[in-house]
Amino acid sequence: RAKEQGRNTYCIYTPAINSRTSELLIIENSLHRALERGEFVVYYQPQVNTIAGEIIQMEALIRWQHPTLGFISPATFIPLAEETGLIVPIGEWVLRTACRQNKAWQDAGLPPIRIGVNLSARQFQQPNLVEMVAQILSDTGLNPQFLELEITESIAMQNAELTRSILMEFERMGVGIAMDDFGTGYSSLGYLKKFPFHTLKIDQSFVRDLITNPNDVAIITAIIALGQGLNLKVVAEGVETEQLKELLHTLECQHMQGYFFSRPLPASDATKLMGQARKKDLVKLSCLAGVS
Ligand code: C2E
Ligand code: MG
Ligand code: MG
Ligand code: MG
């Protein structure tokens, strides 16, 4: 961005860049109000144990329904929310919504599962992150063992000592910690030893071309062995086809998440899905796909 490069930078605008920039400006301006206007929704995507045929977890994924621009992907607005600091109140709202929903599922008599919630680097810079999480667990009445916080390697890197001490506090509280998008950042192995992770989520970029790319097979095989050795749950993200599911099976990966099982769903559809999955037969999970 020219603004960040300083006043003496020349910048040649083309109409395409211009309209892209102004759309980003509109988005950034309305992001300030989106929370109070109730424009965010939390969707839920199941994580399944394909051997037991069970939903073991749901991941909370934010959605933004903008009044004029329509649906805006988190890939677009989460980076803006991080830049502006708005991710702090937004992230807190997602956490509260997700914990409340998980408690409601338990109160409705569904088999207890964990809820996964993504945290951003900005949230780790808040001095009260641990208290905020503890407060939300206490307000919603959700047992900490049914919450898993998902963090990326970049968070771990920014301030390793501080991050470690925060994660150790979550560990003491009984909250689970997942390393998200595993394999896309730096220094993964050192952090695996240093931080109290329970789960490794293999990034979908390694899963996508697994059928045709022997390098990806080698990488995933190594990650699964690593996870087994370190006693971590390994989850493959982005499983879109039955063929991928089968191949992952033969590589001894039994925890998966992806469109083949279900797209992220609004709470009401996620609740229906959990009710159906309870009457077993995971094949049915793919029948419900396509709602979001
Ligand atoms: P993530 O945490 O790695 O979430 C997984 C993403 O992969 C989600 O995208 C999900 O919809 C998508 N996905 C799941 N299965 C498949 C599949 O089979 N194929 C493909 N192509 N994609 C699949 P989504 O919901 O667009 O979110 C993107 C990212 O935005 C998330 O990646 C996460 O980093 C961030 N994000 C989403 N919600 C939140 C939130 O509440 N807080 C924060 N800090 N970040 C969030
Ligand atoms: Mg995630
Ligand atoms: Mg991920
Ligand atoms: Mg991601």
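Counting starts at 1 for both ligands and their atoms, following the listed order. Only heavy atoms go into these numbers, but all of them, side chains included; no hydrogens, no water, no symmetry mates.
When non-hydrogen atoms are compared, ligand 1 lies under 4.0 Å from the side chain of Gln204 (C-beta onward) but not from its backbone. Under 4.0 Å from ligand 1, heavy atoms of Asn118 appear from its side chain as well as its backbone. Under 4.0 Å from ligand 1, not a single heavy atom of Thr152 appears. With a 4.0 Å cut-off on non-hydrogen atoms, Asp181 touches ligand 1 through its side chain and not its backbone. Residue Lys201 does not touch ligand 1, judged by heavy-atom distances below 4.0 Å. Residue contacts with ligand 1 for Arg63 involve side-chain atoms from C-beta outward but no N, CA, C or O (heavy atoms, distance under 4.0 Å).
When only interatomic distances are considered, the shortest N/O to N/O separation between Tyr259 and ligand 1 falls below 3.5 Å. In terms of polar-atom proximity, Ile62 is counted as a contact of ligand 1, with an N or O under 3.5 Å from an N or O of the ligand. For Glu59, a nitrogen or oxygen atom sits less than 3.5 Å from a nitrogen or oxygen atom of ligand 1, counting backbone and side chain alike.
For the residues Val207, Leu61, Val94, Leu119, the heavy atom positioned nearest atom 41 (O) of ligand 1 is part of Val94. Evaluated by nearest non-hydrogen atom to atom 30 (O) of ligand 1, the leading choice among Pro74, Ala60, Pro46 is Pro74.
Distances below 4.0 Å separate heavy atoms of Ser120 from the following atoms of ligand 1: 44 (N). Interface atoms of ligand 1 facing Gln45, defined by a heavy-atom separation under 4.0 Å, are 14 (C), 15 (N). Under a 4.0 Å criterion applied to the non-hydrogen atoms of Val239, ligand 1 contributes the atoms 18 (O). Listed by number with element, the atoms of ligand 1 under 4.0 Å from a non-hydrogen atom of Asp180 are 1 (P), 2 (O), 3 (O).
Between Glu82 and Arg122, no side-chain nitrogen of the basic residue sits less than 4.0 Å from a carboxylate oxygen of the acidic one, so the salt-bridge criterion is not met. Comment: Glu161 engages Lys194 in a salt bridge, judged by a side-chain N to carboxylate O separation of less than 4.0 angstrom. Under the 4.0 Å criterion applied to side-chain N and carboxylate O atoms, Glu59 and Lys201 are assigned as salt-bridge partners.
With the Mg ion (ligand 3) as vertex, Glu237 OE2 and Asp181 OD1 subtend 110°, rounded to 10°. At the Mg ion (ligand 2), the angle from OD1 in Asn118 to OE1 in Glu150 is 90° when rounded to 10°.
Ile56 and Val234 are assigned to two separate hydrophobic clusters, defined by single-linkage of ILVMFWY side chains at heavy-atom distances under 4.5 Å.
With sequence neighbours left out, Leu230 forms a side-chain contact (heavy atoms from CB on, under 4.5 Å) with Leu192, Leu226, Leu232.
Ring pair Phe146/Trp105: centre-to-centre distance not below 6.0 Å.
Closest N/O/S atom of Glu59 to the Mg ion (ligand 2): OE2.
No option in Glu148, Gln57, His255 other than Glu148 meets the side chain to side chain contact (heavy atoms under 4.5 Å, CB included) test with Thr199.
Residue Gly238 places a heavy atom under 4.0 Å from ligand 1. Using a non-hydrogen distance threshold of 4.0 Å, Gly91 does not register as a contact of ligand 1. Residue Gln257 places no heavy atom under 4.0 Å from ligand 1.
Within a 6.0 Å radius of CD in Gln243, no more than 12 heavy atoms belonging to other residues, nucleotides or ligands are found. Asn128 CG: more than 12 foreign heavy atoms inside a 6.0 Å radius.
By the 6.0 Å and 45° rule, Arg164 does not stack over the aromatic ring of Phe195.
Ring planes of Phe77 and Trp64: perpendicular class, angle over 60° (limits at 30 and 60°).
Between the side chain of Gln158 and the main chain of Ala121, no donor-acceptor pair closer than 3.5 Å is present. Put simply, the side chain of Asn102 gets close to the backbone of Ile113: a donor and an acceptor are under 3.5 Å apart.
Residue contacts to the Mg ion (ligand 2): Asp180 brings an N, O or S atom closer than 2.8 Å.
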